[in-house]
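See structure below.
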Amino acid sequence: MKILVINAGSSSLKYQLIDMDTETVLCKGLCERIGIAGSVLTHKGPKQAVVQQDMKDHNDAIALVIAALTDADHGVVKSMDEINAVGHRVLHGGSQFFQSSLINDEVIKAIEDNCDLGPLHNPANLMGIRACMNAMPGVPQVAVFDTAFHQTMPPKAYLYGLPYEAYEQFKVRRYGFHGTSHRYVSQRASEIMGYEEGLKLITCHLGNGSSIAAIKDGKCVDTSMGLTPLEGLVMGTRCGDMDPAAIKFLMDKTGMTIEEMDTYINKKSGVLSISGVSSDFRDLAAAAEEGNERAELALEVFAYRIQKYIGSYAAAMGGVDCIVFTAGIGENDSATRARILKGMEWIGIDFDEEANKGRGEIEISRPGSKVRVLVIPTDEEMTIARDTKALC
Ligand code: ADP
């Protein structure tokens, strides 16, 4: 069984073709600048290809993806008949979706209804879905939601301290994101730990966007992102938790409009602006090494916020058995992991500095550590493909 995984953004579209009999990635690729001059498709499989061709919309992008998959030179299938199903990453499933769903008219309507909650992503996800439905009629399509895994949170975790009407009338509550990644690494951690029932996990997805989840008995009980992916940790360019009153205060002082403020807190904040250097942790580490104090401060602020979340999630679950690091920073940045874990011995972590230098899936706590710490590379595409296979 071959499954095509699609992650459609407003001007980009990522794809992977996965052979589910062996769980191997046959090829992957990216369409960029959809609807903008200079569109390009980059395809990586046994053979690579770069196709520079106009893509005025997502239908054009999917047509190019199909051409790349079936190309006589760099393609990986003879015809599209070999592709049994398509799995789509969808950002916001609101409160309707606890799990992935086979796409039908009702599911499309629900994704549309959630466009106001995910205004940048859901419309783009829908364009990807519709383009695939047009190009591959009759092939089952599955939606895998970033929010679904967090739907097991109890009301005490997802309600904000706003008037109740904000929740009842406008669905303002914590939803959480990166659910596919938190689910994947938590399931892998359960396998490594050897049990799920009674297991208390804290999973740290640290990438450009970062979030933490508290997972008990395999179910999410709390997570740091909220109504939108802005809440929680200090991220590459997002501010994370702060006093909401600072927004009016700053708007009064600077004359920023609400749209400008939205950009300010989503795209111009985080470690990028604390450091004044970069949102990339490799640049921050290099600058801090050279004595840049604000780069060092940004790294400190990032780690401190994570330490506080780990402490509070241990309190929320009445303890923690295992902490997992994943995504770009979590998987690759051993210095940031060390910065977070040093000083957390009190929680029961016996940190192994040597093991922390390793790569791939590793355990970075010493044998016998009361709380085990794992690094588990995430694989959201494989999770989407597995869900798609299960539903088809
Ligand atoms: P996204 O949220 O875009 O999927 P990723 O999970 O791929 O992001 O994470 C990207 C971030 O990971 C980069 O911005 C960078 O800060 C960090 N990163 C990637 N590789 C390394 C590395 N070797 N050392 C330190 N940080 C890294």
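Just so you know, these numbers come straight off a predicted model, no measurement behind them. Remember, it's 1-based here, ligands and their atoms both numbered in the order they're listed.
The ring pair (Phe, Tyr, Trp, His ring centres under 6.0 Å) pairs that include a residue from residues 114-147 are Phe97-Phe145, where partners are two or more places apart or lie in different chains.
Contacts of Glu381 classified as side-chain hydrogen bond (donor to acceptor under 3.5 Å, both in side chains), with partners at least two apart in sequence or in another chain: none. Evaluation of the salt bridge (charged side-chain N to carboxylate O under 4.0 Å, His left out) rule for Arg183 yields Asp387 as partners, not counting sequence neighbours.
Looking at Thr326 and Glu331, their side chains do bring a donor and an acceptor atom within 3.5 Å of each other. A donor-acceptor contact closer than 3.5 angstrom links the side chains of Tyr309 and Asp241.
Taking a heavy-atom cut-off of under 4.0 Å, ligand 1 is surrounded by Gly207, Asn208, Gly209, Ser279, Asp280, Phe281, Arg282, Ala327, Gly328, Ile329, Asn332, Asp333.
A side-chain hydrogen bond (donor to acceptor under 3.5 Å, both in side chains) with Tyr160 is found for one member of Arg174, Arg173, Glu231 and no other, namely Glu231.
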